[in-house]
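Structure first, then comments.
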Amino acid sequence: GGLVGFVFKNQNDATVTIEDCINNGNVTVLTTGSSYTGGLIACANRNENVNIFIKQSTNNGNISVIESLGNSTLAGGIVGEISSNTETRVSVNKCSNTGSITINSQNNTFAGGLIGRLGAGIQYAIVCDCVNKGNVTGAKNCNSSSSGLIGDVKQQDYTNIKNSINKGHIQDDTVNGISSKFNLLSNVVSMGSLIGKSTNCFGTGTLSYLSYAYYFGESMNNCHPSAIEFNINETNGLYFIPNGGANLQGKLNEIAVEQKY
């Protein structure tokens, strides 16, 4: 990680806080095993009943996994992976990534502009007032997935994303404009290009709550999973803006993220 390697085996309602931090250095990994790589934190796992708060922090460094031969490769602009034994609560608030993320691996890979993977044991997770401007390029094999904000989510019922935007271009076998899965979307924008065999404007899964989500893309043809599951129409607060977002400025004026980014 650009700042921290592992947040490991904390317990008993402990609180781990990363606040007002900036990483400007590039992070490069070459390993024969599994790897966890993040602009700020590589990995937070095996914690029990812990609060993990990441606030007002930025990564500007490029992240490169040159070769990883282990079972899994996880990379994120802010943190590679957050998982837990039990009941960990996660908040990523007012954070941004501008660095590119590039993975070369033959195995399971997950990359996100902010978080590589939210794993098991998460009691709830919220990403709020965040932006990714970095391009994300995954391994482009059949076991790889990349997203604008969160690469992979194990427990979608507890993952909420609010007032956040992805501006990065995403390339992989499976690509998602926002996250692989989620429970709630509110005031989010997906506007980077999506290039892959399976492309999803926002992500997959069944939403319990939706309020104003915008996709600025060239065609809905590459976003059929989202179009079907979310029943896209303006009355549901979900918008498709064609032709690469010709009306971008007018639409952004309607939502809170425009004032932030």
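What you see below is based on every heavy atom in this structure, not just the backbone, and it leaves out hydrogens, waters and symmetry mates.
Using a distance-only test at 3.5 Å, with no hydrogens or angles considered, no donor-acceptor pair links the side chain of Asp173 to the main chain of Lys197. Checking side-chain atoms of His169 against main-chain N and O of Ser193 turns up a donor-acceptor pair under 3.5 Å. A donor-acceptor pair under 3.5 Å links the side-chain atoms of Ser34 to the main chain of Ser72, judged by distance alone. Using a distance-only test at 3.5 Å, with no hydrogens or angles considered, a donor-acceptor pair links the side chain of Asp172 to the main chain of Lys140. With Asn97 contributing its side chain and Ile78 its backbone, the two residues share no donor-acceptor pair below 3.5 Å. Between the side chain of Gln155 and the backbone N or O of Gly121, at least one donor-acceptor pair lies under 3.5 Å. The main-chain N or O of Thr109 is never found under 3.5 Å from a side-chain atom of Thr73 such that the two would form a donor-acceptor pair. Under a 3.5 Å cut-off, the side chain of Asn183 and the backbone N or O of Tyr158 do not form any donor-acceptor pair. In this structure, Asn23 contributes its side chain and Leu3 its backbone to no donor-acceptor pair below 3.5 Å. Using a distance-only test at 3.5 Å, with no hydrogens or angles considered, a donor-acceptor pair links the side chain of Ser180 to the main chain of Val153.
At a threshold of 4.5 Å between non-hydrogen side-chain atoms, the residues Glu19 and Ile54 do not count as touching. Asn160 is not listed as a side-chain neighbour of Tyr124, based on a closest heavy-atom distance of 4.5 Å or more. Between Ile195 and Val175 there is no side-chain heavy-atom pair separated by less than 4.5 Å. In this structure, the side chains of Thr174 and Asn200 come closer than 4.5 Å at one or more pairs of heavy atoms. Taking 4.5 Å as the limit, every side-chain heavy atom of Val65 sits out of range of all side-chain heavy atoms of Ser105. In this structure the side chain of Thr88 reaches within 4.5 angstrom of the side chain of Val90, judged on heavy atoms.
Closest approach of Gly151 to Ser145, counting heavy atoms only: O-OG, 3.8 Å. Minimum heavy-atom separation, Asn51 to Arg89: OD1-NE, 2.6 Å. Contact detail for Ser190 and Gly177: the closest heavy-atom pair is OG-CA, 3.3 Å. Across every non-hydrogen atom of Ala111 and Ile101, the tightest pair is CB-CG2, 4.3 Å. The shortest heavy-atom contact between Ser83 and Gly119 is CB-CA, 3.9 Å. In plain terms, the two heavy atoms of Ser179 and Asn176 that are nearest each other are O-CB, 3.5 Å.
Each of Val79, Ile41, Val16 was checked for a side chain to side chain contact (heavy atoms under 4.5 Å, CB included) with Val4, and the lone residue meeting it is Ile41. Screening Ile165, Asn163, Ile161 for a side chain to side chain contact (heavy atoms under 4.5 Å, CB included) with Val188, the sole residue that qualifies is Ile161.
Distance check, rounded to the nearest 0.5 Å: OG1 of Thr102 to CD1 of Ile66 gives 10.0 Å. The OG atom of Ser147 lies 9.0 Å from the CG atom of Asn166; values are rounded to the nearest 0.5 Å. If you take CZ on Phe110 and CG on Leu74, they are separated by 7.5 Å, rounding to the nearest 0.5 Å. Atom-to-atom distance recorded for Leu185:CG and Lys162:NZ is 11.5 Å, nearest 0.5 angstrom. Atoms CD1 and CZ, from Ile126 and Phe53 in turn, are 11.0 Å apart once rounded to the nearest 0.5 Å. Atoms CD1 and OG1, on Ile103 and Thr137 in that order, are 9.5 Å from each other to the nearest 0.5 Å.
Side-chain atoms of Asn62 and Ser100 include a donor-acceptor pair closer than 3.5 Å. A donor-acceptor pair shorter than 3.5 Å can be found between the side chains of Thr58 and Ser96.
Under the 4.0 Å criterion applied to side-chain N and carboxylate O atoms, Lys94 and Asp129 are not assigned as salt-bridge partners.
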